[in-house]
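So the structure is just underneath, and the comments pick up after that.
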Amino acid sequence: MSETLRAAATLANPVIPGFHPDPSVCRVGDDYYLVCSSFEYFPAIPVFHSRDLVHWTQLGNALDRPSQLGLTAATLSSGGIYAPTLRHHDGRFWLIVTNVTEGGGNVLFTATDPAGPWSDPVRLPGVPGIDPDLAWDENGTCWCTSAGGGQVRIDPYTGETLGPPRKVWAGTSGALAPEAPHLYRIGAYWYLLIAEGGTERGHSVSIARGRTPDGPFEPCPDNPVLTHRGTHHPVQNTGHADLVQAPDGSWWMVLLGVRPRGGTPGWHVLGRETFLAPVKWVDDWPVVDEVPSVLPVPAWPLVPGPAEEVRDDFDLSELRPRWISVRDRPAEYCTTKERSGHLTLRARGDSLDEPDVVLVGRRQEHLACRVRALIDPAEGRGGLAVRLDEEHHYEIEAAEGEVRVLSRVGPLRTVVGSRSVPTGPVVLRLQISDAPDKGPRTGPDILTLGVEEPDGTFTPLGELDGRYLSTEVAGGFTGRVIGLYAAAGTVHFDWFDYEPLVP
Ligand code: 6LW
């Protein structure tokens, strides 16, 4: 790649690719921090850091102790932890989320270091709704505004509500799902930013302003201030935004969007991703032209973080922050301490269909990629999986002497291919590439699963259509997660490679 191309690639939008929806951002000095929703996955709420708004490095996960959240088997896919707001106030970071699992509700956490540790939860039983926001006025009063819940003053230290919630603004025109509120004091006004139209193709961002934090709010005459609905733009479903000002005074919006591909109706497979867009102000209203596919070079120096290594050798005592599991990750089922330099997984359920599957995965963040893993199945059965949810996953599974490619799509479970292999460790491989053109019926991508021979050549055992692991087929709010799992007994993984490819 030429230097020019490499420079352009580094400014590609999304700034945080893969299943990273509902971004919320704040700045402290020259540092930006950003969090996303995590749904049924544990640890929950990934926390990112950036010095330039373009390059983001994951610092950790805010909710990394089971005592902070209750993701039990009652939390099905796309349940769990929704739509955080991250703010910095009074010398600390404040994070508020909704746990939609029964008994959860809106909960608040604090930290002095966003990398953690984060506090135990402060519950907010008096705050109804989802997508809670936090804003402090000049008197230090904390306002909590939520979708479907209205607005209420709270004591953020105790979780007590001060008075009953009030409805403040229902959006511009009776559009579907006014949600994701964020309240800001900017100049002479209080602004209430929301998403409208639902998180699908009709998604949009609207804004209203008033003189006080509780309104009354006057809608922007140009609402929605951002939407890509009904356009050919490769980024769709744009909405659920948050605003941040750079130290040079410029304004930026982080938001979620998706990249549907293939024929009609288009399928997105990486979930809702985090994009960045420049914001101008005209007549004290924000103007966002569109979400650029390649970002304009900002006025400040770019600060790329460390390049992500292809291989994880499982040589650290703790798993890196990108690794997530379904609902929980007890040490007796998942450890790097049992066999040195290996990830050891012990099965609970007997397949990825089970709510208590033992899976350690990472988000698929690139449209095309090659993934490899070395498994020792001598004491059990397990493998390499691509998971959208309990009912939509593909996997290559190894047991002593045999490997099989399995597919679960809705109610159908199929053994796609199998073959015998010599006993001992085996390299499993997954390749994801663009689908061949079939006109309007072209799918988004093809997933090829198979084994590597001792001489390194690849033997595919199944070539599967990627549309069945897309949100348009499976539904829900998440995206693909690629990972290692155990389905019987104990399996050991020596390493895991994830290599982005040019599609
Ligand atoms: C979230 C809502 C939304 O609560 O999707 O796109 C929901 N916006 O604001 C789940 O992420």
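Numbering of ligands and ligand atoms starts at 1, following listing order.
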- Item | Numbering as shown, the atoms of ligand 1 that approach Phe39 to under 4.0 Å (heavy-atom distance) | 10 (C), 11 (O)
- Identify the protein heavy atom lying closest to atom 1 (C) of ligand 1, giving its residue, its atom name and the separation to 0.1 Å. Asp131 OD1, 3.4 Å
- Query: Could you go step by step and tell me if Ser77 and Arg387 meet the side-chain hydrogen bond (donor to acceptor under 3.5 Å, both in side chains) rule?
  - Reply: CA-CA 11 Å; Ser77 287; Arg387 176 185 198 270; 3.3 Å; yes
- Item | Ionic contact status for Arg408 with Glu395, cut-off 4.0 Å | no
- Who's the nearest protein heavy-atom neighbour of atom 5 (O) of ligand 1, and how far? Arg272 NH1, 3.1 Å
- Item | Selection from His203, Glu179, Glu200 by shortest heavy-atom distance to atom 3 (C) of ligand 1 | Glu179
- Could you list the atoms of ligand 1 found under 4.0 angstrom from a heavy atom of Ala83? 4 (O)
- Are any non-hydrogen side-chain atoms of Ile96 and Phe109 less than 4.5 angstrom apart? no
- Task: Report the part of Leu256 (side chain from C-beta onward, or backbone N, CA, C, O) that has a heavy atom under 4.0 Å from ligand 1; answer both or neither where that applies.
- Result: side chain
- Show your working on ring-ring contact (aromatic ring centres under 6.0 Å, His included) between Tyr33 and His88 and close with a plain yes or no. CA-CA 10 Å; Tyr33 300 96; His88 187 259; 8.2 Å; no
- Task: May I ask you to check if ligand 1 and Tyr82 share an N or O to N or O distance below 3.5 Å?
- Result: no
- Per-atom contacts, ligand 1 versus Ile130 - under 4.0 Å to a heavy atom: 4 (O)
- Message: Just by distance, no angles: are the side chains of His268 and Asn237 close enough, under 3.5 Å, to form a donor-acceptor pair?
- Response: no
- Message: Could you report the tightest heavy-atom contact between Phe217 and Trp190, atom names first, then the distance?
- Response: CE2-O, 3.8 Å
- Message: Can you confirm whether Arg320 is buried at CZ, in the sense that more than 12 heavy atoms of other residues, nucleotides or ligands lie under 6.0 Å from that atom?
- Response: yes
- Item | Distance from atom 11 (O) of ligand 1 to nearest protein heavy atom, with residue and atom | Asp22 OD2, 2.4 Å
- Query: Mind checking whether Thr199 has an N or O less than 3.5 Å away from an N or O of ligand 1?
  - Reply: yes
